Amino acid sequence: MSWRHPLLELSISSLVKNPNLCVPEHLAPLPPHIKDKIRRSLRCRHLSPDLLQALLHKNVTDLDLEDLEITDSHLEVVSKYKNYRKLNLNQTKKPSFKAIEKENETPPPCESSICQVLQGCRYLHTLFMAGWQSVTLEVMTTLVTSCPHIRFLDLGHCRPGLDDRMAAKVGELSRLESLSVTGSTAITDVGLSNIGASQAAATIKELRINKCREITDEGIEMLLMGLEALEILIFNGCPKVTDESRLALDRYLREHRVNVRQLSWTVY
């Protein structure tokens, strides 16, 4: 009966090409494996909260909503399920990401909605939230207490971004392997020192702190003093970093050359 699979794929392809056919009431009764195929094929911009509700189920472990115009209503739907292993909520490609806020622009979700999603997600190991405006200390505290198995965390281009207190909180993630705070205007040398002295310093393999305007050579040196498993470090585009950081890197490489695979930096 191999003809069934091509027929199913053809039906789903025809369905997602015409969003008007995606009626939540019609899709809700479908089996989970068909819902998954539809959800992964549907363009995110057409995913209303009602449609998202119809296509989610308790066995979803990998949810990709990248660049959907996420609202509190979307997060309310997402928060009903707690078996996620990976959540991609990146917002960096939205038309409004680099534009000045417009009068009719959808307001960003509030921090309580994000916390509601994270609460109880004890299996979550990957969270991408690049470009968010609602990442606060409360959100990071909820992440640490509710999702202790986080290994990959992207907070790049959040506004204003990860600050020093949040960096200290993120450092409590004892399984963290990859962290991006690219473009943060809030993190300083204190935040880097907090990361270097944290539990996560023993497990972080990849760290992206590029385009962070407030970090200096002192912060880079204090960071490197604590990191033990580092393989990838990106800190280009940091205007306060000078050649002193290159010297600190040289010292680090003499002791950890076997680990390091990629370095990228700019000195001024």
Side-chain angles (χ1 to χ4, degrees), residues 39-40 42-49 52 62-79 84-118 121 124-144 147 150-167 169-170 173 176-188 191 195 206-215 232 234-238 264:
R39 190 183 67 253
R40 291 166 182 160
L42 195 64
R43 291 181 180 272
C44 268
R45 64 172 179 266
H46 298 140
L47 206 55
S48 67
L52 180 61
D62 186 342
L63 182 60
D64 186 352
L65 300 180
E66 183 166 11
D67 298 314
L68 169 69
E69 193 85 20
I70 296 176
T71 65
D72 286 323
S73 297
H74 287 100
L75 294 183
E76 182 180 358
V77 172
V78 174
S79 68
Y84 304 114
R85 270 65 170 176
K86 178 179 179 180
L87 284 175
N88 184 352
L89 307 176
N90 284 347
Q91 298 285 279
T92 55
K93 294 180 182 177
K94 284 169 42 181
S96 59
F97 173 58
K98 292 186 178 179
I100 298 175
E101 292 185 7
K102 300 177 182 178
E103 187 174 333
N104 298 323
E105 185 179 336
T106 304
C110 61
E111 63 179 20
S112 60
S113 295
I114 304 173
C115 290
Q116 190 176 8
V117 169
L118 297 176
C121 285
L124 190 67
H125 60 67
T126 301
L127 177 63
F128 297 155
M129 293 187 66
W132 278 71
Q133 301 179 43
S134 310
V135 176
T136 63
L137 181 60
E138 180 181 351
V139 172
M140 290 298 99
T141 300
T142 303
L143 176 67
V144 170
C147 312
I150 287 289
R151 295 168 53 204
F152 305 97
L153 181 61
D154 187 353
L155 301 173
H157 298 293
C158 291
R159 293 180 286 178
L162 195 79
D163 63 21
D164 298 333
R165 290 192 302 164
M166 286 191 277
K169 183 58 65 175
V170 167
L173 293 167
L176 189 63
E177 295 181 22
S178 175
L179 173 65
S180 172
V181 296
T182 297
S184 171
T185 59
I187 195 168
T188 69
I195 293 173
E206 179 180 6
L207 182 59
R208 296 177 180 270
I209 52 176
N210 46 310
K211 300 181 181 178
C212 293
R213 298 180 179 180
E214 299 303 319
I215 63 176
I232 299 173
I234 310 295
F235 64 99
N236 52 290
C238 303
S264 177

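Nothing here was measured: the structure is a model prediction, and the numbers come from that model.
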Between [X] and [Y], is any pair of side-chain heavy atoms under 4.5 Å apart?
X      : Y      : value
Arg39  : Leu42  : no
Ile187 : Asp164 : yes
Val139 : Thr142 : no
Met140 : Leu155 : yes
Val78  : Ile70  : no
Arg85  : Asp62  : no
Leu179 : Ile195 : yes

If you round to the nearest 0.5 Å, how far is [atom2] of [Y] from [atom1] of [X]?
X      : Y      : atom1 : atom2 : answer
His125 : Arg151 : NE2   : CZ    : 6.5 Å
Ile232 : Glu206 : CD1   : CD    : 4.5 Å
Asp163 : Cys158 : CG    : SG    : 11.5 Å
Leu162 : Lys169 : CG    : NZ    : 12.5 Å
Leu118 : Ile150 : CG    : CD1   : 8.0 Å
Met129 : Asn88  : CE    : CG    : 11.0 Å

Shortest non-hydrogen contact from [X] toward [Y]:
X      : Y      : value
His74  : Leu52  : O-CD2, 4.0 Å
Cys147 : Leu124 : SG-CD2, 4.1 Å
Leu75  : Pro109 : CD1-CB, 3.5 Å
Cys238 : Ile215 : SG-CD1, 3.6 Å
Pro49  : Ser73  : CG-CB, 3.7 Å
Ser134 : Glu111 : O-CB, 4.0 Å

message: Counting neighbours of CZ on Arg213 that are heavy atoms of other residues, nucleotides or ligands and sit closer than 6.0 Å, is the number greater than 12?
response: no
message: For Glu76, I'd like to know if atom CD has over 12 heavy atoms of other residues, nucleotides or ligands within 6.0 Å.
response: no
[X] (side chain) donor-acceptor with [Y] (main chain) under 3.5 angstrom:
X      : Y      : result
Thr185 : Pro160 : yes
Asn236 : Asn210 : no
Gln91  : Glu66  : no

task: Would you sort out whether Val170 and Val144 count as a side chain to side chain contact (heavy atoms under 4.5 Å, CB included), showing the intermediate values?
output: CA-CA 7 Å; Val170 167; Val144 170; 5.8 Å; no
message: Is there a side chain to side chain contact (heavy atoms under 4.5 Å, CB included) between Leu89 and Ile114? Walk through the geometry before answering.
response: CA-CA 10 Å; Leu89 307 176; Ile114 304 173; 5.9 Å; no
- request: Check step by step if side chain to side chain contact (heavy atoms under 4.5 Å, CB included) holds for Arg208 and Asp154.
  value: CA-CA 9 Å; Arg208 296 177 180 270; Asp154 187 353; over 6 Å; no
- request: Could you walk me through whether Asp64 and Arg40 pass the side chain to side chain contact (heavy atoms under 4.5 Å, CB included) test, one step at a time?
  value: CA-CA 8 Å; Asp64 186 352; Arg40 291 166 182 160; over 6 Å; no
